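Worksheet: the structure to be examined is printed underneath.
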Amino acid sequence: MIPLAAGTNENLANLSNMLIYSAIAVYTLAFLAHIAEWVFGSRSKVGRTAAALTAQPASRAAAPAVRVKKEGGGTAVLERPEVVTRAASGARDVPDGPGAHGGDEKGDLYGRIAVSLTVLAFLIEAGGVVARALSVQRAPWGNMYEFSITFSTVAVGTYLGFLAAGKNVRWLGLPLVTTVLLDLGIAVNLLYTASAQLVPALKSYWLYIHVSTAIFCGAVFYLGAVASVLYLFRDSYENKLAGGGKPGGFATSVLERLPSALSLDKFAYRVNAAIFPLWTFTIIAGAIWAGDAWGRYWGWDAKEVWSFITWVGYACYLHARATAGWRGRKAAYLALIAFACFLFNYYGVNLFVNSKHSYAGV
Amino acid sequence: MSNTETDVTRDERQDRRELGEAGSQLSTAPVEDSGGVPGLGLVGWARWFWRQLTSMRVALILLFLLSLGAIPGSLIPQNNVDKTKVEAFREAHGTLAPLYDKLQLFDVYSSVWFSAIYILLFVSLIGCIVPRSLQFAGQLRGRPPGAPSRLTRLPAYTTWRTEADPEQVRELALALLKRRRFRARIAGNAVAAEKGYLREAGNLLFHVSLIVILLGFAAGQLFKSEGGKLIVEGDGFSNTLTQYDDFRSGSMFSTDDMEPFSFTLDEFTGTYEKSGPNKGTPRTFQAEVTYSEGVDGKGKKAVIEVNKPLKVGGSKVFLLSHGYAPVVSVTDARGKVVYKGAVPLLPIDNNITSTGAIKVNDGYRNTKGEKEQLGFNAFFVPTFAGAGQGNMFSQFPGLGYPVLALSAYHGSLGTDSGIPQNVYQLDTRKLKEFEDSEGRLLKKRLLPGETLELPDGAGSVTFEGVKEWASFQVSQQPGNGAALAGAVAAIGGLIGSLFIQRRRVWVRTTADADGITVVEMAGLGRSESAKLPEELADLAASLHAEAPTAPEREAEPESGSASEPEDATASRTSEPRESADPAGPADPAEGARA
Ligand code: HEM
């Protein structure tokens, strides 16, 4: 006989809800701490970018660098040959900004508090996702509410992973926490669905593969998109400085503290490029699943179409980067369009377009 | 902005001149030519057109158009997805629909303009891949280019002085680079080495795979067949054209391609959420079948579920939908059973309220002994709300309180005219109503086991019980294998293309006037990357271990080249730039060390 569908566990479902609300509270504190970091950081005027851009370009004939350690009576021992790097020709050689704290000690302290709070909120939120999964005895990706809470957990987790790996990504903190709050707010207020079992069409191990990679790709693409937006601001700021213009107070204070346009652009490129093969895989996994579920692996269903559009969008972006001439701002716009397609596929198609990929209760 | 861009290109050109051959052919990406005026005549124009079509700029535009062109198909109902929605749209938008028809907006993905975009894109792709592959083959046979005259101009550079003999250091460097799987050779006073050819191979593989996927997809469209069949529990099906309820096939399909097999639906089971806010939501659907391969193969048991089709040879049997088929028996005026069977009804809502018709074509004789046909409109609910409670619609999709409501007609069903009829609908034009005692249409709600007596002893209908039916789709789509293989290869190629960096390293050793050897190492990649300096530093450290720095002499005659770094550079570049780089794919195109 067929096992009757297991009921959902109410206690765990309630625990999950409580954890998600707690995570929202802690994210809010992290948000405030980030604000404090930016506020205190604005007390120091750094102006490194302006200095670098107005200084005479340094002589290009790089001298060989050998670090020599003198030992006692004049004998020298070389530690290890040191490599001298040169920026690509024509690229602006601007140092990265100091970060939100702007070198201010108090600002830095608040920044650290913000990161710690983010870690805490992340753990609570992850607990909420796990409790939800246990309450329904399946992966928590059956409807938009579950998709949303998993999505922001993964985005924050990826960000924290970069931090843990010692990458300079603290500048992502404020925009990320802000949007995570937005995402969770929408999830609990508009998308909430009581926990329930899956409809048969969603029962397949391809669900685990396809949806988990889709969520992960979305989270990483999102980090890339944030970097692209910041790049656009920072780039026009640097352009203005380089052209002898005088940027406004906001730009001088806020944009000055971000990494250089070059670094932001690289960050965006790297995360987008790194995740593109996985996105390709996600679409293929989806096609295989569709082949099993509906008897055709590609049927131009709205969701499929928008995944395809997103994929082609990112392929455009990579092409633009790989073939000179379309770098910089134009490529960044392409990346943002591609990400907008991803978002539309998630919110737009689920809510407004009739698709086979409808979720139980939204 | 434009200002800086021209600066960039001017700088790049200057650099390229200075680096000479060193950076040439680091990839097979075509160099963008800025158009140029086509030569005279047709050939000139054709050549110009071809050059444009295979240029990266046009490829980019075509890619962009492809994604743009795909959008309307997701917003406007499509014929190939849902024909009824298209019809509804036509009715709702009287003026817009003809315009959409002209623009083929109801068939975007098979429209002329959409096809034009992707065909052009794929022609461009082929026109791009062929020369790039030839070029790449040439590069594989070629040798890494010799060292540029000024290694200090390269993106990553290091130097030291050693007492080892220049030639000896070169040999050491050559061995080291070969150990690290560089392709290396000695050219003049330097070792030239290159690594990362897999990047190009991966990129070409990816683009070829795209073509394979498209061909697989096209083959699927041309040779596919797809048929639907509704089967009641206990009934069977064998895979021949005549047995299908509906059948579609690609233009190259032939019936000889049909897989010979047959199966019987033994039992269908559906379970539903019993309570809570999702009450009635389906939880499991299972069709237990016995199937046999070939014309008369041995029967085998199998279970078909929504995500688990039955695979027989090249065909797959999918479970699409299900419903109820009340079993009825009909007797005529003589009391003879003239009809007995399960009548599949079509669900009209999520709780499987179902409607349909029962048609008795032959064998019935009325009270006068004349041949006649009988027809019944049937309305079935698996879970009835109860008499006088709420509406007639089903309250739950499972069989809780099954009720069959019938209304009875007699006369001619109109089936003899030869025109195919909808089996779920009664054509009442030539039918007369059976009337109840008050002269109204005879109707009755039946529970299982109950009987509706026709007036004046004209016969009876008994609701014997309920069976379930399931509908299946049998599809056969060759080319799936090719598309899947292409997809897998595409991912492999992409990973190679994005995560491997192609780079060159040179090691030059020269003896200075004092007989001390100056070792210079430099690296060049497709672009600036944090990985390149790291790798160079690593190589330098290994080589340095074998050819260590000469002890510094007290009276160093010249100040420039060795010893302390010059200030201007030191502050700026003495360490590999590793700014906001996370995972690490280096810039355009070399990917992350994920
Ligand atoms: C069918 C659509 C196409 C897709 C989805 C696609 C996708 C891609 C991707 C993802 C890359 C990797 C980008 C990178 O290395 O950063 C790439 C590279 C490349 N593509 Fe395409 N491509 C397509 C069509 C074309 C066409 C039509 C051409 C030629 C006109 C072309 C020429 C190239 C070249 C030359 C590169 C490598 C550039 C380099 O060496 O860095 N592609 N393509």
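Just so you know, these numbers come straight off a predicted model, no measurement behind them. Quick note on labels: first sequence line is chain A, next is B, and so on, each numbered from 1.
- Rounding to the nearest 0.5 Å places OG of B:Ser74 at 5.5 Å from CD1 of A:Ile309.
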Criterion side chain to side chain contact (heavy atoms under 4.5 Å, CB included) on A:Trp306 and B:Ile71, from CA distance to verdict: CA-CA 8 Å; A:Trp306 281 93; B:Ile71 294 177; 3.8 Å; yes
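- Shown here for A:Cys316 and B:Leu63, the closest heavy-atom pair between the two residues is SG-CB, 3.6 Å.
- Under the 30°/60° scheme for interplanar angles, the aromatic rings of A:Trp300 and B:Tyr109 are found to lie parallel.
- Among the candidates B:Leu320, B:Asn480, B:Val303, the residue making the largest number of heavy-atom pairs closer than 4.5 Å to chain A is B:Asn480.
- Contact annotation for B:Ala522: neither backbone nor side-chain heavy atoms come within less than 4.5 Å of a heavy atom of chain A.
- A:Trp206 pairs by the ring pair (Phe, Tyr, Trp, His ring centres under 6.0 Å) definition with nothing, not counting sequence neighbours.
- Looking at A:Ile288, the atoms closer than 4.5 Å to chain B (heavy atoms on both sides) all sit in the side chain, from C-beta outward.
- Nearest heavy atoms, A:Pro277 versus B:Leu494: CA-CD1, 3.8 Å.
- The parts of B:Phe217 that come within reach of chain A are both its backbone and its side chain, each placing non-hydrogen atoms under 4.5 angstrom from that chain.
- In terms of heavy-atom proximity, A:Tyr297 sits nearest to B:Gly216 at OH-O, 4.3 Å.
- Inter-residue side-chain proximity for B:Phe64 and A:Val312 is flagged as unmet; no heavy-atom pair is nearer than 4.5 Å.
- B:Leu60 CG to A:Lys330 NZ: the interatomic distance, rounded to the nearest 0.5 Å, is 9.5 Å.
- In terms of heavy-atom pairs under 4.5 angstrom with chain A, the leader among B:Gly73, B:Pro77, B:Pro309 is B:Pro309.
- Heavy-atom distances place both the backbone and the side chain of A:Phe281 under 4.5 Å from chain B.
- Nearest heavy-atom pair across B:Phe499 and A:Ala274 is CZ-O, 3.5 Å.
- With sequence neighbours excluded, no residue forms a salt bridge (charged side-chain N to carboxylate O under 4.0 Å, His left out) with B:Glu520.
- The shortest non-hydrogen separation linking B:Ala487 to A:Ile284 is CB-CD1, 3.3 Å.
- In this structure, chain A has a heavy atom under 4.5 Å from the side chain of B:Gln473, while its backbone stays farther away.
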